[in-house]
Engineer: 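Pasting a structure here, questions to come.
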Amino acid sequence: GNYAYWYMNDGVTDQQFISQNLDSIASGSYIISADIAGVFSEGNLSIILKKKDSNENNSLLATLSLGSGNGWGAWNTVDTTFQITENAENLLIVLEGKMDSDQQLQLDNVILQQITLDLLNSLIEKANNLVESDYTAASWASLQTALSSAKEVIKNSDSNGVADAYKNLSEAMDNMEKESPSINIKK
């Protein structure tokens, strides 16, 4: 397939650095997500978001660790939320880190989105489509708590609580544990 970035290291440790500038970013709460695959070590690679001011000074907004890779083509989505407190003239998104010898990286669908009530409502719809019997009671209870809070934010049109509600519901959905199938043996 076509990927935004792929790298195969052939025997030497190598530093990775690619970046993208975005102009005129409004203040607010944001989520950045990326699809990753490959073979790489825990903690070696990160996507870093920096706000660049008119004097070319950078201030760190967020760091998204890519974790470790599970194999070429074994895709995983990673994300993190962050806040921009005042309008940013320029936002710098950087893939940074090192690749050890014989490691590989696939990176695709790097997406930056402002967290709005519409985005939260979209996540609520996804959560509502989950089926209780597919998941453990504990993970379902956690989901219901986060879902209830998110619905309250939507009901009150609370734009101040939207980022926390989105993050909590997203985490609850990420932490859903599948129910183990039960087997009944009749004698």
Side-chain angles (χ1 to χ4, degrees), residues 1-23 25 28-53 56-85 88 90-115 119 122-123 126-127 130 134-136 138-140 142-143 146 163-180:
N2 296 320
Y3 307 110
Y5 179 75
W6 67 270
Y7 181 81
M8 297 180 80
N9 193 333
D10 59 1
V12 295
T13 297
D14 197 13
Q15 291 297 116
Q16 297 298 301
F17 182 88
I18 57 172
S19 66
Q20 173 70 49
N21 281 306
L22 302 173
D23 294 324
I25 305 297
S29 299
Y30 288 82
I31 182 169
I32 185 164
S33 61
D35 294 337
I36 60 164
V39 178
F40 49 90
S41 301
E42 179 78 32
N44 277 7
L45 296 166
S46 298
I47 294 177
I48 299 170
L49 287 97
K50 298 176 182 179
K51 182 175 143 183
K52 189 186 296 186
D53 67 21
E56 298 295 315
N57 296 318
N58 294 326
S59 57
L60 180 67
L61 292 173
T63 300
L64 173 59
S65 173
L66 299 187
S68 60
N70 297 321
W72 194 256
W75 291 96
N76 183 32
T77 300
V78 293
D79 62 35
T80 192
T81 58
F82 65 98
Q83 190 77 23
I84 296 178
T85 56
N90 191 276
L91 185 67
L92 181 64
I93 301 173
V94 180
L95 169 68
E96 195 171 88
K98 70 174 186 160
M99 296 285 291
D100 292 329
S101 62
D102 298 321
Q103 293 192 336
Q104 311 160 347
L105 170 66
Q106 292 170 286
L107 177 68
D108 203 0
N109 298 321
V110 178
I111 299 171
L112 176 70
Q113 282 186 296
Q114 188 167 16
I115 301 173
L119 189 62
S122 190
L123 190 63
K126 287 180 186 175
L130 297 175
D134 291 346
Y135 300 96
T136 64
S139 65
W140 188 259
S142 294
L143 174 69
D164 286 339
Y166 185 93
K167 181 179 179 182
N168 292 340
L169 183 54
S170 180
E171 286 176 0
M173 291 173 70
D174 288 345
N175 292 325
M176 294 298 290
E177 296 175 13
K178 288 280 190 183
E179 185 66 67
S180 299

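Nothing here was measured: the structure is a model prediction, and the numbers come from that model.
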Engineer: Which heavy atom of N168 sits nearest a heavy atom of A146, and at what distance?
Structural biologist: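 Smallest heavy-atom distance, with atoms named: O-CB, 3.8 Å.
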Engineer: How long is the span from the CG atom in L130 to the CE atom in M173, to the nearest 0.5 Å?
Structural biologist: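 It comes to 5.0 Å.
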Engineer: What distance do S142 atom OG and E171 atom CD have between them, rounded to the nearest 0.5 Å?
Structural biologist: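 With rounding to 0.5 Å, OG (S142) is 11.0 Å from CD (E171).
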Engineer: Can you give me every donor-acceptor pair (side chain of residues 76-84, partner residue at least two apart or in another chain, under 3.5 Å) with its distance?
Structural biologist:
unit_1: T77; atom_1: OG1; unit_2: D35; atom_2: OD1; d: 2.7
unit_1: Q83; atom_1: OE1; unit_2: S29; atom_2: OG; d: 2.6

Engineer: For residues A127 and L143, report the shortest heavy-atom separation together with the two atoms involved.
Structural biologist: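 Closest pair (atom of A127, atom of L143, distance): CB-CD1, 4.2 Å.
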Engineer: Of the non-hydrogen atoms in I115 and L119, which two are nearest, and what is the gap between them?
Structural biologist: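 The answer is CA-CD2, 3.9 Å.
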Engineer: Between atom OG of S170 and atom CG of N175, what is the distance when rounded to the nearest 0.5 Å?
Structural biologist: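 Here the interatomic distance stands at 9.0 Å.
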Engineer: Does any non-hydrogen side-chain atom of L49 lie less than 4.5 Å from one of L112?
Structural biologist: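 Touching, per the 4.5 Å side-chain cut-off.
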Engineer: If you round to the nearest 0.5 Å, how far is CG of L61 from CD1 of I32?
Structural biologist: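 Here the rounded value is 10.5 Å.
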Engineer: Mind checking the CG-OG spacing from D174 to S139? Nearest 0.5 Å is all I need.
Structural biologist: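 Atom-to-atom, D174:CG and S139:OG are 12.0 Å apart.
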Engineer: So do the side chains of I36 and L45 get within less than 4.5 Å of each other, counting heavy atoms only?
Structural biologist: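 Sidechains of L45 and I36: no contact.
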Engineer: Is the closest side-chain heavy-atom distance between Q106 and D108 below 4.5 Å?
Structural biologist: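 Not in contact.
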Engineer: Can you tell me how far OG1 of T63 sits from NZ of K50, rounded to the nearest 0.5 angstrom?
Structural biologist: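 The OG1 atom of T63 is 9.0 Å from NZ of K50, to the nearest 0.5 Å.
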Engineer: How close do G67 and F40 get, counting heavy atoms only, and between which atoms?
Structural biologist: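 The answer is O-CE1, 3.5 Å.
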Engineer: S65 and S46: which non-hydrogen atoms are nearest, and at how many Å?
Structural biologist: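 Answer, listing the atom of S65 first, then S46: CA-OG, 4.0 Å.
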Engineer: Is the shortest side-chain heavy-atom distance between Y135 and K178 below 4.5 Å?
Structural biologist: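 They are in side-chain contact.
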Engineer: Kindly indicate whether the side chain of L95, heavy atoms from C-beta on, has any atom under 4.5 Å from the side chain of L105.
Structural biologist: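 A side-chain contact under 4.5 Å exists here.
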Engineer: So T136 and E179, do their side chains get closer than 4.5 Å, heavy atoms only?
Structural biologist: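 A side-chain contact exists here, since the closest heavy-atom pair is under 4.5 Å.
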Engineer: Between G28 and Q114, what is the shortest heavy-atom contact and its length?
Structural biologist: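 Result for this residue pair: CA-NE2, 3.7 Å.
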